[in-house]
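Here is the structure we will look at, set down as structure tokens.
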Amino acid sequence: MYRTNSCGELRKSDEGKNVTLSGWIHKYRNLGGLVFFDLRDRYGITQIIFDPNSLGENIMETANRCRNEYVVTISGIVRVKPEPNKNLSTGEIEIAADNIFIENASKTPPFNFLDGKSDAKEDLRLQYRYIDLRSTKMTQNLLIRHKVTMAVRNYLSDKGFIEIETPTFSKSTPEGARDYLVPSRLYPGMFYALPQSPQIYKQLLMVAGQDRYFQIARCYRDEDSRKDRQPEFTQIDIEQSFATQDEIFALTEGMFADLFGKAVGVELKIPFERLTYKEAMDDYGVDKPDLRYGLKLKNITDITRNSNFQVFKDAPCVKYLAVEEIENFSRKRIGEYEDYAKHLGAKGLAFTKFIGGKLEGGISKFLSDDEAAGIISSSGMKKDGLIFFGAGKEDMANKVLGAVRIRIAEELKLYDSDEYRFCWITDFPLFTYNDEEGRWEAMHHMFTMPRPEHLDNMLNGRDLGNILGQLYDLVGNGVELASGSIRIHDPEIQEKVFTILGMPKEEYESKFGFMLNAFRYGAPPHGGIAPGLDRLIAMLCKEDSIRDVIAFPKSKNQNCLMMDTPSQVSPEQLEEVSISIVKEK
RNA sequence: GGUCCGGUAGUUCAAUCUGGUUAGAGCACCUGCCUGUCACGCAGGAAGUUGCGAGUUCGAGUCUCGUCCGGACCGCCA
């Protein structure tokens, strides 16, 4: 037998028991006579003591031979320590060993994790992921992830949802992200695509009468990674028939409240706040505002339209961001914000100081008294501070000030990292115009139903830029955590959307004919949502990157540093799938 | 595709701005001592292709260019 107990469970009440424990030597301390081990497994750490007064030479010799990360099985008697270790839950007891067996030795580990987190840089941690995951923090992250998926499955199952798996060998579809392709052996030159989401399958499950579906679904998008984006990631994919937007919201809110409680013991306030897309963009410059702090943007285009300041006069949109804080803003610091704005694509970042009730410095000398008065009164500033301006096209002003707002909040620590503020963003535009390609694109995806009052305009191709969709995002602390919509279930409306997106009938019939056809056999109204599991877990674990909540993530450049993937395959394998490699020069 | 940061002992960093003796320190590792430690302690020791390749220079870890790897951001991500 390897073990009778885990390394995290024995307490004072177990005193006198004969036990056997197996695990890793977390830290060995050899005092010359006495030898102490901290023995670790996933459940905790228990101290083991080897006493030469009561043990034979061969046992002491084995104990002396051990090193950190050796895997051992020891047996002995639980006894109360003379002085407890208050840092351990098992700190009141120790095991007086009477035997030890070395299951496996270990080379000296490439890094340590004695204080709960690996002390190495990320590339080394990823190369030795099987060691990194032994750390308390990573073990805890994986446990929280498990608790969340269990809570989600139980919650949704209780609400009548059933988990249904959908294929990972799917069909490449136009628009959206770049697909990962899988060559077909049986059909040379043909490819499957890995799904960017199970979107179409779950809609067809609704047509199939399955009514309430969910899936912890792996999704694949061949785009550049970020700390919150991996080429493969996981969604909690949900779809429901005969559902309104409000019902989807209530379902999601209940699920989040449930899983926050079960995974990390946090009580969420529901229902969540709601903002329209326009409100979010106007006030925060982004479609995923962090509501834990204010710092709202103000629009003064009406005031600056006739400005003597040429930059403002020429700008179709002028907004500003007022910060009631000036001590921390040296000229050098302001310069860093200007560089940041330029990095984001702006020409610059105009600013002025607000001191003693007046605008001073920066661009203040270019502003008329009326403009200054308008800015001061609209800002509502009471203390001295700094005002940043974004001037130009509206999306650029929003992009720059929205990003500066976030950076200022981070640097001035304007929020409590223990607080959770969720909000729904609603009423997104259905279509956005792509200037470069000169065509309309779907803002979310091409299966979203327009708002009922805009349906007529859409069917007639009128005023496309102002058509709003039954389309929503869930945002928490400035992170987009979920996205969803009420879908189109009418084949004629769906055909119209394909047409607006520039697809000829032959194209959409060949690519989506099966879906249109399905809609002609009695498709129920339906809608759903898909929370991103990785980002949600990262938030619960207070991790900055989703790489820290995925067991085996890819690096920035989509490599697995542990397995060294991607890798070459044999010419025979390529031959079988009719692929030849074109050498790059 | 672009901008930026980093790569020095097993590891985390210093030395780089301002080129100049033998590239240092903590932890880890090895040896010895040590019977109540709990990140044990004490003494000693070993450990380096400064990512790689060119260039400038009397001389390069340090400056320049290229390249590879890791990371942040922009583009991209229905």
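All chains are named by letter (A, B, ...) in the order of the sequence lines, taking the proteins before the strands, and each is independently numbered beginning at 1.
Residue A:N68 contributes atom CG, which lies 14 Å from atom C1' of B:G10 at whole-angstrom precision. A:D339 has its CG atom 15 Å from the C1' atom of B:A72, to the nearest Å. The nearest whole Å value for the distance from the CG atom in A:D179 to the C1' atom in B:C77 is 12 Å. We find that CG of A:L126 is positioned 9 Å from P of B:G70, with the value rounded to whole Å. Rounded to whole Å, atom C1' of B:C73 lies 12 Å from atom CD of A:E410. A:N64 has its CG atom 11 Å from the P atom of B:C33, to the nearest Å. Distance, A:Y28 OH to B:A28 P: 10 Å, rounded to whole Å. Here B:A39 presents its C1' atom at 8 Å from CZ of A:R29, a figure rounded to the nearest Å.
A gap of 29 Å separates the C1' atoms of B:A47 and B:U67, to the nearest Å. Taking atom P on both B:U3 and B:G59, the two are 32 Å apart, rounded to the nearest angstrom. When the P atom is compared between B:A9 and B:G24, the two are found 14 Å apart, to the nearest whole Å. Spacing of C1' atoms, B:G26 relative to B:G32, comes out at 22 Å, to the nearest Å. Spacing of C1' atoms, B:U50 relative to B:G10, comes out at 16 Å, to the nearest Å. As rounded to the nearest Å, B:G61 and B:U21 have P atoms that lie 11 Å from one another. Of the P atoms belonging to B:C69 and B:U57, the separation is 32 Å, rounded to the nearest Å. A gap of 16 Å separates the P atoms of B:C42 and B:G36, to the nearest Å.
For the pair A:D119 (side chain) and A:N112 (backbone), a donor-acceptor distance under 3.5 Å is present. Between the A:N557 side chain and the A:N559 main chain, no donor and acceptor come within less than 3.5 Å of each other. A donor-acceptor distance shorter than 3.5 angstrom exists from the side chain of A:D534 to the backbone of A:T234, with no hydrogens or angles considered. In this structure a side-chain-to-backbone donor-acceptor pair under 3.5 Å is present from A:Q558 to A:E223.
When distances are taken from the side chain of A:L31 to each of B:C40, B:C69, B:C74, the shortest belongs to B:C40. Closest approach to the A:N559 side chain among B:G36, B:C77, B:C69 is made by B:C69 (side chain taken as heavy atoms from C-beta onward). Comparing B:C29, B:C76, B:C73 against the side chain of A:L344 picks out B:C73 as the nearest. Of the candidate nucleotides B:C34, B:G36, B:G70, B:C34 has the atom nearest to the side chain of A:N30. Side chain of A:K399, nearest nucleotide from B:A28, B:G75, B:G36: B:G75. The listed nucleotides are B:G36, B:G75, B:U35; the one nearest the side chain of A:Q47 is B:G36. Of the candidates B:C30, B:G70, B:C77, B:C30 carries the atom nearest the A:R67 side chain, counting heavy atoms from C-beta on. With distances taken from any side-chain atom of A:E83 to the nucleotides B:C74, B:U35, B:C38, the minimum falls on B:C38.
Among the heavy atoms of the strands, none lies under 4.0 Å from A:Q196. Residue contacts shown for A:R547 are limited to sugar-phosphate atoms, with no base heavy atom under 4.0 Å away. Contact annotation for A:S197: base contact, defined as any heavy-atom pair under 4.0 Å involving a base atom. Residue A:D115 is out of contact with every strand shown, counting any heavy-atom pair closer than 4.0 Å. Here A:L88 lies out of heavy-atom contact (under 4.0 Å) with every strand.
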So which protein nitrogen or oxygen atoms get under 3.5 Å of nucleotides 11-15 of chain B's nitrogens or oxygens?
| residue | atom | partner | partner atom | Å |
| --- | --- | --- | --- | --- |
| B:U11 | O4' | A:P110 | O | 3.4 |
| B:U12 | OP1 | A:K121 | N | 2.8 |

Output one line per pair: protein atom, nucleotide atom from nucleotides 1-3 of chain B, and distance, for all N/O pairs under 3.5 Å.
| residue | atom | partner | partner atom | Å |
| --- | --- | --- | --- | --- |
| B:G1 | O6 | A:D224 | OD2 | 3.3 |

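Taking the ring centroids of A:F447 and A:F512, they lie under the 6.0 Å cut-off.
B:C33 is paired with B:G41 under the criterion used here, namely a Watson-Crick or G-U wobble arrangement in which both key atom distances are under 3.5 Å. Using Watson-Crick or G-U wobble geometry with both donor-acceptor distances under 3.5 Å, B:U64 finds its partner in B:A54. With both pairing distances under 3.5 Å, B:A23 is matched to nothing as a Watson-Crick or G-U wobble pair. A 3.5 Å limit on both hydrogen-bonding distances identifies B:A72 as the Watson-Crick or G-U partner of B:U3. When both pairing distances are held under 3.5 Å, B:U18 makes no Watson-Crick or G-U pair with any nucleotide shown. When both distances must be under 3.5 Å, the Watson-Crick or G-U wobble mate of B:G48 does not exist.
Counting only N and O atoms by type, the side chains of A:R29 and A:Q47 include a donor and acceptor under 3.5 Å apart. No donor-acceptor contact under 3.5 angstrom links the side chains of A:D473 and A:Y277, judged on distance only.
Under a cutoff of 6.0 Å and an axis angle of 45°, A:R221 and A:F233 do not form a cation-pi pair.
Here A:K27 reaches the OP1 or OP2 of B:A28: one of its side-chain N or O atoms lies under 4.0 Å away.
Residue-to-nucleotide contacts include no donor-acceptor pair under 3.5 Å from the side chain of A:E223 to the base of B:G75. In the interface, the side chain of A:K556 is not paired with the base of B:C69 through any donor and acceptor atom under 3.5 Å apart. For A:R229 against B:C77, a side-chain N or O and a base N or O form a donor-acceptor pair under 3.5 Å. For A:R79 and B:G36, a side-chain-to-base donor-acceptor distance below 3.5 Å is present, hydrogens and geometry of angles not being considered.
Between A:H26 and A:F113, the ring-plane angle classifies as tilted under the 30° and 60° cut-offs.
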Stepwise side chain to side chain contact (heavy atoms under 4.5 Å, CB included) test for A:R134 and A:I131: CA-CA 5 Å; A:R134 290 177 191 169; A:I131 295 175; 4.3 Å; yes
Decide yes or no on side chain to side chain donor-acceptor pair (under 3.5 Å) for A:Y201 and A:S170, but give the supporting numbers first. CA-CA 10 Å; A:Y201 291 111; A:S170 188; 3.0 Å; yes
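Between A:K319 and A:E394 there is no salt bridge, since no side-chain nitrogen of the basic residue lies less than 4.0 Å from a carboxylate oxygen of the acidic one. Note on A:D14 versus A:R11: no salt bridge recorded, every NZ/NE/NH1/NH2 to OD/OE distance being 4.0 Å or above.
Applying the 6.0 Å contact sphere to CD of A:Q568 captures no more than 12 heavy atoms from other residues, nucleotides or ligands.
Comparing A:K227 and A:T108 against RNA chain B, the residue whose closest nucleotide sits nearer the 5' end is A:T108.
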